[in-house]
Number of protein chains: 4
Amino acid sequence: MSGTTGDKLDLILDAAYELFGVDGFYETKISDIANRAGIAKGTVYLYFKSKEELCLAVTRRDCEQFLDNLHEALRPCTNMADKLYVIAVHHTRYHFERRKYTKLVFRAPNNDPALMQYMRQFMFRYMEIVLDVLKEGKVAHPQWSAESYIGMLDRVKMDLMFNPDFNEQQLQERTRFVTDLFLMGCEKQINRPGDSS
Amino acid sequence: MSGTTGDKLDLILDAAYELFGVDGFYETKISDIANRAGIAKGTVYLYFKSKEELCLAVTRRDCEQFLDNLHEALRPCTNMADKLYVIAVHHTRYHFERRKYTKLVFRAPNNDPALMQYMRQFMFRYMEIVLDVLKEGKVAHPQWSAESYIGMLDRVKMDLMFNPDFNEQQLQERTRFVTDLFLMGCEKQINRPGDSS
Amino acid sequence: MSGTTGDKLDLILDAAYELFGVDGFYETKISDIANRAGIAKGTVYLYFKSKEELCLAVTRRDCEQFLDNLHEALRPCTNMADKLYVIAVHHTRYHFERRKYTKLVFRAPNNDPALMQYMRQFMFRYMEIVLDVLKEGKVAHPQWSAESYIGMLDRVKMDLMFNPDFNEQQLQERTRFVTDLFLMGCEKQINRPGDSS
Amino acid sequence: MSGTTGDKLDLILDAAYELFGVDGFYETKISDIANRAGIAKGTVYLYFKSKEELCLAVTRRDCEQFLDNLHEALRPCTNMADKLYVIAVHHTRYHFERRKYTKLVFRAPNNDPALMQYMRQFMFRYMEIVLDVLKEGKVAHPQWSAESYIGMLDRVKMDLMFNPDFNEQQLQERTRFVTDLFLMGCEKQINRPGDSS
DNA sequence: GATGAATGAGGGTTCATTCAT
DNA sequence: AATGAATGAACCCTCATTCAT
């Protein structure tokens, strides 16, 4: 009664997040998840109807947290540049902290309609946030700009996830860089240390 | 029908490209590929040691063609702006033409080291091309800029693949937009028809 | 609602009879039975050691009622022909009233020794009743005759259970027919309406 | 090429007949069948889509043989009494020879629509044969009479399957008895040795 | 007595891969 | 080279049963 049920659900979600993220959806067995959660295999099915549904729940928790945190972080901001920077910091840091979960980049199972539907919805909501910031700032083509901004940030995410040398300092420089590039274009960029490649 | 080895290999690659692209790697059975190629299941194994290796071959052929085409398209260009535009057109059009192969976005199998290694190498080579263009144009932070540019283009790719309303005209507008945004930043963008959202 | 033990036991037996009869033993889950009985799954195990034992109890209640009713119905009869007719009416009507429980024809689980033992015993007791009637009537080969009579009645049962058009009127005609056939043989049968097939 | 395929199919059917018949459908594992057939588990699925379909095939082979044999046995008969006797002999002997396969009495799986459909069809065809014999003999109520006759024979089947003392001699006596009873009714039956119970 | 969350053995089915022809 | 029948390891999910509350 002291929340044991809730605990078990979280144990499963945590274990699944870990294993789906590190090994991948298809590579993870329900029994692995149960083992890591310290429960019996059948118990997973008391909480989730199928492996796919569990994957959706894991994804949903992750994505909702992402959006919640972003809303929180944006609250104190007043001007567009600040907001864009906060979005960039949030995006890159969020994934930096989860950079060992490379397999979450691909939200497999590729063919689950419910998961694909949710991911579309998540992307729409994320886009809306960026869109509002750009509209407030009277940016031309806010929709296309928002897409581009997120695209740039997602590339940083790919880099930090697959480049083992990516570190804290680079994270900060890259984040700042993306915001500046977005605002001013590449021809106005000031040379910055750390990109001598 | 002449039974040449080369013929059969291409039949297999074509069938696999189609099925991996439309249905996904895990969802496609070797027997499906053999059926579509009009050959026997066992024959696939005369050409490829495993399903993963076949997937790698499919990916390799696709990516090499991408790079070959890009090299070809860039040859006549002389200045950076032109080159960047050509890169953008090439990137978006290539994926527009293959937009029914949504499952190729995720180069599963997630855990095959050879495939991941090849994708890293491909990305490195693609990046080098963009990098050279930017360095030639004396752009600051060419590496980071190149990453960002590709990120923006990749987001257009996502949009055109998952948005069923995406059409030829939008493709052109979006492509031009990305190049301009990259060069001038969002604050210098001129309002363009077609993005009133 | 008063919570008496007896109440709950009957609730379980009723639910199990319904579900075993309509869906079959293997197809019915203990949780289905508990749901239909309006009690918790675990409670079933306060009354029955296992699913098999519950099935036995259901069967036993059904069969005992069958025999009790038959004894009751036979009491007023004095001559053999009457008694045989009463047996026939009882047999066919009993199953006609339960004709939606087609799965009870097969007293699964096939391998439970206790159930098979009980069914043998039931058949023996039923047979004894018919046997006594036939012996009293000085019928030759009373044992074989009794078996045959029950076989004929059981075929009517099969028909009424699996033929959706079987109705009340046919029931009466068929019942009378079987008794006559048994007594007189097919060559003495008088033509009767309703069987022109 | 020497009929290996056909052989393997028969091996599976034989093994399944044995195990379904002796242990029951639900109690038999596909791996048991494969083991007994001396093949791999997966091979079963090259020949049958599911356990249910295999059960249907086993049943069909058994029933078709039953009908074929019956047709053959009836061919030389000319009058009704002979034919009825041949039917009785065939029915009881067929099951006597298979009396160790008690579980085939219940053609589980109880809920497979294809199996139930086939069993209805089989029963219809068997009934038609008996019906034709009775119509030819101008028996009144041929449909009901046919049902009754089969019912009597089926009861002999039950007896020989579940009564371990049932022997060859009893088989002959019982078979003759059923035919006589059907033709003349119980009141004309002549006392016969062997039924002193 | 009553509950229902937790258990875990069990089995049907899939499919990449092999190899005799 | 080409075939496709055969293999068998692998895994998801079910559900009868238990037991702490």
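Residue numbers begin at 1 in each chain, while the letters A, B, ... track the order of the sequences.
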Side chain of [X] only, please: which of [options] is the nearest?
X: A:Tyr47; options: F:dA16, E:dA6, F:dC13; result: E:dA6
X: D:Ile39; options: E:dA2, F:dT7, F:dA2; result: F:dT7
X: A:Glu52; options: E:dT13, F:dA16, F:dC13; result: F:dC13
X: D:Ala40; options: F:dG8, F:dA16, E:dT7; result: F:dG8

Under 4.0 angstrom between A:Lys8 side-chain N/O and E:dA5 OP1 or OP2: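 So the side-chain polar atoms of A:Lys8 never come under 4.0 Å of the phosphate oxygens OP1 or OP2 of E:dA5.
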Base paired to F:dA10 (Watson-Crick or G-U; both N/O distances under 3.5 angstrom):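 F:dA10 is paired, partner E:dT13.
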Given that both distances must come in under 3.5 Å, which nucleotide forms a Watson-Crick or G-U wobble pair with E:dA20? F:dT3
Salt bridge or not between A:Glu18 and A:Lys100? Use side-chain N to carboxylate O under 4.0 Å.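 Looking at A:Glu18 and A:Lys100, the cut-off is met.
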Under 4.0 Å between a Lys/Arg side-chain N and an Asp/Glu carboxylate O for D:Asp68 and D:Arg61? no
Pick the closest DNA chain E nucleotide for C:Gly38 and for A:Gly38 by heavy atoms, then say which residue is nearer the 5' end.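 The residue closer to the strand's 5' end, by nearest nucleotide, is C:Gly38.
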Specify the residue among B:Thr28 and D:Lys41 whose closest nucleotide of DNA chain E lies further upstream toward the 5′ end. D:Lys41
Hey, does A:Asp62 have a side-chain heavy atom less than 4.5 Å from the side chain of A:Val58?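 No, their side chains stay 4.5 Å or more apart.
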Side-chain touch A:Cys55/A:Glu52, heavy atoms, less than 4.5 angstrom: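 No, side chains not in contact.
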Given that A:Thr43 and B:Val44 both sit by DNA chain F, which one's nearest nucleotide is further toward the 5' end?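 The 5'-side residue here is B:Val44.
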Grab the [atom1]-[atom2] distance between [X] and [N] for me, whole Å please.
X: D:Ile30; N: E:dG10; atom1: CD1; atom2: P; value: 18 Å
X: D:Phe48; N: F:dA5; atom1: CZ; atom2: P; value: 15 Å
X: B:Lys51; N: E:dT18; atom1: NZ; atom2: C1'; value: 17 Å
X: D:Tyr26; N: F:dA16; atom1: OH; atom2: P; value: 12 Å
X: D:Glu53; N: E:dG12; atom1: CD; atom2: P; value: 15 Å
X: B:Leu9; N: F:dA2; atom1: CG; atom2: P; value: 10 Å
X: B:Tyr45; N: E:dA16; atom1: OH; atom2: P; value: 6 Å
X: A:Phe25; N: F:dC12; atom1: CZ; atom2: C1'; value: 10 Å

Aromatic C:Phe124 / basic C:Arg120 pairing, under 6.0 angstrom, 45° off normal: no
Under 6.0 Å from the ring centre and within 45 degrees of the ring axis: does the NZ or CZ of A:Arg60 meet both conditions for the six-membered ring of A:Tyr118?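 Ring-cation test returns yes.
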Considering every strand and a 4.0 Å limit on heavy-atom distances, what is the contact class for [X]: base, sugar-phosphate, or nothing?
X: A:Ser50; answer: sugar-phosphate
X: A:Leu46; answer: base
X: A:Lys29; answer: sugar-phosphate

